[in-house]
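Here's the structure, in structure tokens; my notes come after.
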Amino acid sequence: MINYGRHFIDQMDIQSVVNSLKSDWLTTGPLVEVFENALEELTKAKCVAVSSGTAALHCAYFAIDLKPGDEVITPPITFIATQATAAQLGAKIVFADIQSDTANIDPSAVEAAITSKTKAIVAVDYAGHPADLGALRIIADKYGLYLIEDASHSLGSLYNGQPTGSIADITTFSFFPTKNITTAEGGAVATNNEFLLQRARRFSRQGLIKDSSEFKNNNEGAWHQEVHSFGLNYRLPDILCALGISQLKKINSFKDERNRIFMKYLFNLGNVENIDLPLIHKSVNPMWHFFPLRVNETTREDLYNYLLRNGFKTQVNYFPVHLHPVFREQRDLKGKFPISELFYKQELSLPLYVGLSDTQIDEISNLIIEFYD
Ligand SMILES: *Cc1c(COP(=O)(O)O)cnc(C)c1O
């Protein structure tokens, strides 16, 4: 069975992890900093490695001091971790509809959703295509809001030539196996704001302060560490950083390969009627996470089942977040974000990962062509 996404592990990755297993550190050791530095080089931002993309979002929201009474504006078409972590801090989740071409949050819908309680705009780079970050930046600055980018899909993507991570006030990444690189479970927070960086880092490490110049108890011994605000354990172990380091060394070839697969789908499916292919805005250079095909909503489920019967397990990204019972039982928002709801009914994510063969791409393309013939 061919899945919509999977990891790529080579001998270098295996050796890197084996070497770390033989070292003195299993969890926080020297490889954390090596991995963070490699991420910094790619993203052109300071980075904190954490244990998942969800943890990264939680750290980002903590860093901006998100709390009860605050509102965050988010897109419905995302994985629910974008919202769940803000809700965990007591914030009210507000939705703004998406742009129908990219499925990224629509800046004009964002502006319409701003209130005196809004603290942040959260963009998700759907499928790897960066959101409309320039327009969102202007709105964030106009209203004094933070711009947060959930770049779980878009490590390696560029917006106006700038890498994801260097653009928003805080950016978060995920290294789950289907994502652009993997550490099994893992994630990172990226920012060029030193204050936000330190808050995110501390929150991910139990809130512990080790620098004596900041202590409020000054008479303890050299062993002393203290906590000024509560944190959690979101550390990424050395073993997983070892995998991340060797994965990052391959990111340029990963990007080329993902791009090549994307282009092959465009070529194979370009003449099929009744389907819509993803497009690319002029300002971006995406590292594609999956291939978001759109089909007539009356045929989507049959196509999904047809491909499944023939060995291809596609995916639907995503069930609109505002329709989850956790939201609907408080406020029924059904029908309020029609572009997102229609997108959900039409979308089907085709396999896109390093290691997918030309034969497999042709095979699934031909099944789709046959299905609509
Ligand atoms: C994968 C993903 C997350 C969560 O990342 P985990 O590493 O699985 O915790 C958050 N947001 C989006 C958009 C994702 O795709």
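Throughout, residue positions are numbered sequentially from 1 according to the sequence presented. Keep in mind the model is a prediction, meaning the values are calculated, not measured. When a ligand or atom number is given, it counts from 1 through the structure's own listing order.
- Considering backbone and side-chain atoms alike, T78 places every N or O at 3.5 Å or more from each N or O of ligand 1.
- Between K142 and E111 a salt bridge is recorded (basic side-chain N to carboxylate O distance below 4.0 Å).
- Close contacts of ligand 1 with Y318, meaning ligand atoms under 4.0 Å from a residue heavy atom, involve 15 (O).
- Residue S174 approaches ligand 1 through these ligand atoms, each under 4.0 Å from one of its heavy atoms: 1 (C), 5 (O), 6 (P), 7 (O).
- Residue contact check for ligand 1: F290 places no non-hydrogen atom closer than 4.0 Å to it.
- Residue T54 approaches ligand 1 through these ligand atoms, each under 4.0 Å from one of its heavy atoms: 4 (C), 5 (O), 6 (P), 9 (O).
- Salt bridge status for E257 with R260: present, with a side-chain N to carboxylate O gap under 4.0 Å.
- Side-chain atoms of N104 come within 3.5 Å of backbone N or O of P130 as a donor-acceptor pair.
- Of all the atoms in ligand 1, the ones that sit under 4.0 Å from a non-hydrogen atom of F79 are 2 (C), 3 (C), 4 (C), 10 (C), 12 (C), 14 (C).
- Those atoms of ligand 1 with a heavy atom of S52 less than 4.0 angstrom away are 7 (O), 9 (O).
- For the pair R258 and Y353, the cation does not sit on the ring face, since its NZ or CZ is not both under 6.0 Å from the ring centre and inside 45° of the axis.
- Of the protein's heavy atoms, D150 OD2, 2.7 Å lies nearest to atom 11 (N) of ligand 1.
- The nearest heavy-atom contact from the protein to atom 15 (O) of ligand 1 is H153 NE2, 2.8 Å.
- Less than 4.0 angstrom separates some heavy atom of G186 from each of these atoms of ligand 1: 7 (O).
- E347 and Y126 form a side-chain donor-acceptor contact under 3.5 Å, judged by distance and modelled atom types alone.
- Within the 4.5 Å cutoff, the side chain of H129 has heavy atoms near those of the W288 side chain.
- In terms of heavy atoms, A242 sits closest to S16 at O-OG, 2.7 Å.
- Between K46 and E36, no side-chain nitrogen of the basic residue sits less than 4.0 Å from a carboxylate oxygen of the acidic one, so the salt-bridge criterion is not met.
- At least one heavy atom of K179 sits less than 4.0 Å from an atom of ligand 1.
- Residue A55 places no heavy atom under 4.0 Å from ligand 1.
- In terms of polar-atom proximity, defined here as any N/O pair under 3.5 Å, G53 does make such a contact with ligand 1.
- Figure legend: cation-pi geometry between R202 and F62 absent, as NZ or CZ is not positioned both under 6.0 Å from the six-membered ring centre and within 45° of its axis.
- Residue nearest to atom 10 (C) of ligand 1, selected from S152, G187, A184: S152 (by heavy-atom distance).
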